[in-house]
Amino acid sequence: MSRIAYVNGQYVPHAEAHIHIEDRGYQFADGVYEVAAVWRGRIIDEDGHLTRLKRSLDELHMTMPMADRPFAMVCRETLRQNRVRDGIIYIQISRGVSRRDHPFPENVERALVMTARAVDWPTDADDDSGAHVVSVADIRWLRRDVKSISLLPNVLAKQEARDKGAYEAWLVDEDGFVTEGSSTNAWIVDGDGKIVTRQLDNNILGGITRSTVIALARENGLEVVERPFSLAEALGAPEALLTSTTSFVRGIIDIDGNQIGDGTPGPVSRRLRGLYLDYCRGAGSNQ
Ligand code: PDD
């Protein structure tokens, strides 16, 4: 079955999907995006993704290209046309098409693209083999809270991880603190057994999975502390883990070749993964 993309009002086969060469997303990375998981036909944390999308747009002085209802309908139609019941939906909004010039153009329409593809999600908390992680200097701009399509430092960091046989790169700031992963949020369990993840500010993307996992942990009596942690602390931590829309919750088994815990995903990581999978199942059965 050929994949279908939504591009500026039309559903077109991928091979025929085009954007203009003077799209500002293409020329300036002047745009934002979202990736949401689809579980049994339902978009997990749809409201959270929409809220973050609007916030990213607002921070870049842009507005949504359409109202919420038609937007939700385009999401559903993109999923339907691609027959995706389990998978991801990708949404990108750029400032639009205009003669190349740095200032914002006036009276241009936002360019909106959506794609969807199937993914076989995990169903078992224990099927996580654990992730290898390497540390990389965080060389990004200072507005990492905006989900901007300008991802070059993230791409370079992820490639460095892949070149070293790792799943993820943890980005480390000038003071030795871990900000987040190249496309995931970063967590440890500290020496007191508390779950630690960096607080929300301009240094990290506010992960939707991150906030859901914090809520699930707290609802289930686990203590979560939002504070920075250093790479040195992570290397000595009993557990380390990562979260994202596409990774869900994964345990980390080593960082820069240093084994974490006993070298398998730890009990807290497995527990959180189980809670998150239950959450997805619940959301998936509501429709
Ligand atoms: N990445 N940090 C960064 C830098 C990210 O790019 C992402 C998401 C996250 C986790 O956010 P969430 O839980 O909302 O997925 C954290 C997406 C999946 C991507 O770029 O493909």
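Positions are given from 1, in the same order as the sequence printed here. Just so you know, ligand 1 is whichever comes first in the structure, and atom 1 is the first atom listed for that ligand.
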Inset, instruction - Below 4.0 angstrom from a heavy atom of T245, which ligand 1 atoms are there? Numbered from 1 as shown, please. - result: 12 (P), 13 (O), 14 (O), 15 (O)
Legend entry - Note, I91 side chain near C75 side chain (heavy atom, < 4.5 Å): yes
Legend entry - Sub-4.0 Å heavy-atom contact, Y90 with ligand 1: no
Inset, instruction - Look at atom 4 (C) of ligand 1 and find which of S211, S148, S247, S182 reaches it with the closest heavy atom. - result: S182
Legend entry - R144 touching ligand 1 at heavy-atom level, < 4.0 angstrom: no
Legend entry - Sub-4.0 Å heavy-atom contact, K147 with ligand 1: yes
Legend entry - Interfacing atoms of ligand 1 (cut-off 4.0 Å, heavy-atom, R52): 11 (O), 12 (P), 14 (O)
Inset, instruction - Might you work through the salt bridge (charged side-chain N to carboxylate O under 4.0 Å, His left out) test for E22 and R99, ending with a clear yes or no? - result: CA-CA 6 Å; E22 287 194 314; R99 192 190 69 181; over 6 Å; no
Inset, instruction - Look at ligand 1 and say whether G48 reaches it with a heavy atom at a distance under 4.0 Å. - result: no
Inset, instruction - Report yes if some N/O of N154 lies less than 3.5 Å from some N/O of ligand 1; otherwise report no. - result: no
Inset, instruction - Report yes if some N/O of E180 lies less than 3.5 Å from some N/O of ligand 1; otherwise report no. - result: yes
Inset, instruction - Flag T243 as yes when one of its N or O atoms lies below 3.5 Å from any N or O atom of ligand 1, and as no otherwise. - result: no
Inset, instruction - Would you mind telling me which of R210, R140, R198 makes a salt bridge (Lys or Arg N to Asp or Glu O under 4.0 Å) with E180? - result: R140
Inset, instruction - Could you tell me whether D124 and R273 make a salt bridge, using a distance below 4.0 angstrom between a side-chain N and a carboxylate O? - result: no
Legend entry - Salt-bridge contact R281-D278 (side-chain N to carboxylate O under 4.0 Å): yes
Inset, instruction - Just jot down the ligand 1 atoms closer than 4.0 angstrom to any heavy atom of Y33, in number order. - result: 6 (O), 19 (C), 20 (O)
Legend entry - Under-4.0 Å heavy-atom contact with ligand 1, by part of V35 that carries it: side chain
Legend entry - Test of ring centre spacing under 6.0 Å for F229 and F177: no
Legend entry - Atoms of ligand 1, numbered as shown, that sit under 4.0 Å from any heavy atom of N185: 10 (C), 16 (C)
Legend entry - Heavy atoms of other groups near Y26 OH, more than 12 under 6.0 Å: no
Legend entry - Geometric cation-pi criterion, R95 with F28: 6.0 Å, 45°: no
Legend entry - atom 13 (O) of ligand 1: nearest protein contact (heavy atom, Å): T209 OG1, 2.5 Å
Inset, instruction - Fit a plane to each ring of F248 and Y276, take the angle between them on a 0 to 90° scale, and name the class: parallel (under 30°), tilted (30 to 60°) or perpendicular (over 60°). - result: perpendicular
Legend entry - Test log, rule salt bridge (charged side-chain N to carboxylate O under 4.0 Å, His left out), inputs R218 and E226: CA-CA 12 Å; R218 288 184 175 149; E226 294 175 72; 3.6 Å; yes
Inset, instruction - Provide the number and element of each atom of ligand 1 under 4.0 Å from a heavy atom of G207. - result: 11 (O), 12 (P), 13 (O), 14 (O)
Legend entry - Heavy-atom nearest neighbour in the protein, as seen from atom 9 (C) of ligand 1, with distance rounded to 0.1 Å: S183 O, 3.6 Å
